[in-house]
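Report on the following structure.
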Number of protein chains: 2
Amino acid sequence: MANTDGPTRERIRAASYELLNEKGLAGLSMRALADRLHIKAPSLYKHIEDKDEIIADLQARGLQEFGIAIRRAGKSRRAKALAYRGWALANPHLYEITVSIPLLRDRIPAGLEDGVTNLIIEITGKDHEHARAVWALMHGLVDLEIAGRFPKDADLDLTWKRAVAMI
Amino acid sequence: MANTDGPTRERIRAASYELLNEKGLAGLSMRALADRLHIKAPSLYKHIEDKDEIIADLQARGLQEFGIAIRRAGKSRRAKALAYRGWALANPHLYEITVSIPLLRDRIPAGLEDGVTNLIIEITGKDHEHARAVWALMHGLVDLEIAGRFPKDADLDLTWKRAVAMI
DNA sequence: ACTTCAGGCTAACACTGTTAGCGAAGGAGA
DNA sequence: TCTCCTTCGCTAACAGTGTTAGCCTGAAGT
């Protein structure tokens, strides 16, 4: 029987977190992960079900840490918005894994996604439709910035200032 | 010598366009592409350099068709915004290939990316910073919608109405 | 008729996630 | 202590990915 909750499993989770942050989503392969733990890739499957379990775990950690960062930020909409950008740029791979591949809803703790969504709604203080637009605005800015879609000489600080003013 | 501009190359381009729209980015493999042309995968390399050439070609077509759709829309900001959403939802895979993987700038026609960027700036009629925020807003809305991040019961028509009002 | 070459082909390589099955180490019970 | 069973490593392998090397055939040019 596979050990799905032992100390090795915890080490796998920790190593995958490091690997993601260092090498990005594309660098997160089962063999690279196994190398880091000085075991062979197939041995990972004695402790976890499949790669999606690792993905889901990282998505959950991403959502959680993101939520904490937003909560910690100052109360003003401006502070929250800058915290959004700041966290995403500081953790681009963690941000990527939560937004640019399908969210494995069945395998992350219930309520986690809603918790983050509600957090954004609280920030705006208005209705859900407005909150979604604000969320989309911040997500779009970060996504385009990380993807390098804005020209190098773009003044993104100023762009964010304008964006916050639009809210 | 490889034939890099013959009729077969044109057929490869056409087939890759179909394949992308039918099966999505994940379904666009060299072997699947070759199957559609009734040849074997390695034979593709007699006509093209590598897969990135196909990706770049599709990104260029995406940008071009997107630009046309936006230009054709009514002059109002609202009409333009709805055209943005409409085109992206009607061509999700083409939209995806232009925004969710790195844009192969060195391999798409010069000026194409700037053309689309300028188009968005024209829509807002304001400065670049404002235009970028508007672009991010629309991109974010579409990206989150395609990724299924909004709840099923979300009224996205209304969300877009609010978003347009924010512009 | 001879040569050249475009454009197919198969075999293979390095990579991906994953499964089957083997073997050694350690603990539990007689 | 002997035996048994579980845990947890391992290698070999499979199907998939993009890609390269090298072979062969048919057609076109001189």
Side-chain angles (χ1 to χ4, degrees), chain A residues 1-59 93 96-97 100-104 106-108, chain B residues 1-59 93 96-97 100-104 106-108:
Chain A
M1 282 294 134
N3 177 1
T4 53
D5 205 45
T8 305
R9 186 159 185 264
E10 210 50 49
R11 289 178 57 225
I12 291 175
R13 291 163 46 110
S16 64
Y17 181 79
E18 291 172 18
L19 191 55
L20 175 69
N21 283 320
E22 286 173 28
K23 309 285 182 180
L25 188 51
L28 183 64
S29 77
M30 298 303 274
R31 284 171 178 83
L33 179 56
D35 279 353
R36 189 168 283 245
L37 295 163
H38 306 107
I39 61 176
K40 304 297 174 183
S43 301
L44 291 170
Y45 293 83
K46 299 288 180 176
H47 306 276
I48 59 163
E49 195 64 34
D50 52 25
K51 190 181 182 183
D52 274 0
E53 184 175 323
I54 290 169
I55 301 288
D57 182 58
L58 291 169
Q59 287 181 330
H93 302 304
E96 181 191 11
I97 208 173
S100 76
I101 59 173
L103 192 64
L104 302 173
D106 297 344
R107 308 181 78 166
I108 63 175
Chain B
M1 282 293 132
N3 176 2
T4 54
D5 205 43
T8 305
R9 187 159 184 264
E10 209 50 48
R11 290 178 58 226
I12 291 175
R13 291 162 46 109
S16 64
Y17 181 80
E18 290 171 18
L19 192 55
L20 175 69
N21 282 319
E22 287 174 27
K23 310 283 182 182
L25 187 51
L28 183 65
S29 78
M30 298 304 272
R31 285 170 178 83
L33 180 56
D35 278 354
R36 190 169 282 246
L37 295 162
H38 306 108
I39 61 176
K40 304 297 174 185
S43 302
L44 290 169
Y45 293 83
K46 298 287 181 175
H47 306 276
I48 59 163
E49 196 64 34
D50 52 23
K51 190 181 180 181
D52 274 0
E53 185 177 322
I54 289 168
I55 302 287
D57 181 59
L58 292 170
Q59 288 182 329
H93 301 305
E96 181 190 11
I97 207 172
S100 75
I101 60 173
L103 192 63
L104 303 172
D106 298 344
R107 308 180 78 167
I108 63 175

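Residue numbers start from 1 in every chain, and the chains themselves are labelled A, B, ... in the order their sequence lines are given, proteins ahead of strands.
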Rounded to the nearest 0.5 Å, how far does CD of A/E53 lie from CG of A/L58? 11.0 Å
Calculate the interatomic distance between B/L25 atom CG and D/dG18 atom C1'; express it in whole Å. 14 Å
Is any side-chain heavy atom of A/K51 less than 4.5 Å from a side-chain heavy atom of A/L44? no
Rounded to whole Å, please give me the gap between NE2 in A/H38 and C1' in D/dC10. 16 Å
Of all heavy-atom pairs between A/Q59 and A/I97, which one has the smallest distance, and what is that distance? NE2-O, 3.0 Å
Ignoring hydrogens and angles, write down the donor-acceptor pairs under 3.5 Å from the side chains of residues 19-29 of chain B, residues two or more places apart or on other chains.
| from | atom 1 | to | atom 2 | distance (Å) |
| --- | --- | --- | --- | --- |
| B/N21 | ND2 | B/Y17 | O | 3.2 |
| B/E22 | OE1 | B/R36 | NH2 | 2.8 |
| B/E22 | OE2 | B/R36 | NH1 | 3.3 |
| B/S29 | OG | B/A32 | N | 3.1 |

If I take atom CD1 in residue A/I39 and atom C1' in nucleotide C/dA25, what distance separates them, rounded to the nearest angstrom? 17 Å
Could you write nucleotides 10-20 of chain C as a row of B, S and -, 5' to 3', where a protein heavy atom under 4.0 Å of any base atom gives B, of only sugar-phosphate atoms gives S, and otherwise -? BBB---BBBB-
Partners of A/D52 by side chain to side chain contact (heavy atoms under 4.5 Å, CB included), sequence neighbours excluded? A/D50, A/I55, A/L104, A/R107
Using only side-chain N and O atoms of A/H47, determine if any of them is under 4.0 Å from OP1 or OP2 of D/dG9. yes
Using whole Å, report how far CZ of B/R9 lies from C1' of C/dA6. 16 Å
Rounded to whole Å, how long is the line connecting atom CG of B/L44 with atom C1' of C/dG8? 11 Å
Over how many whole Å does the gap from B/L37 atom CG to C/dC9 atom P extend? 11 Å
Interatomic distance, B/R11 CZ vs C/dG8 C1' [rounded to whole Å]: 12 Å
Starting from P on D/dG18, measure out to CG on B/L33 and report it in whole angstrom. 9 Å
List the atom of B/L37, the atom of B/A15, and the distance in Å for their closest heavy-atom pair. CD2-CB, 3.9 Å
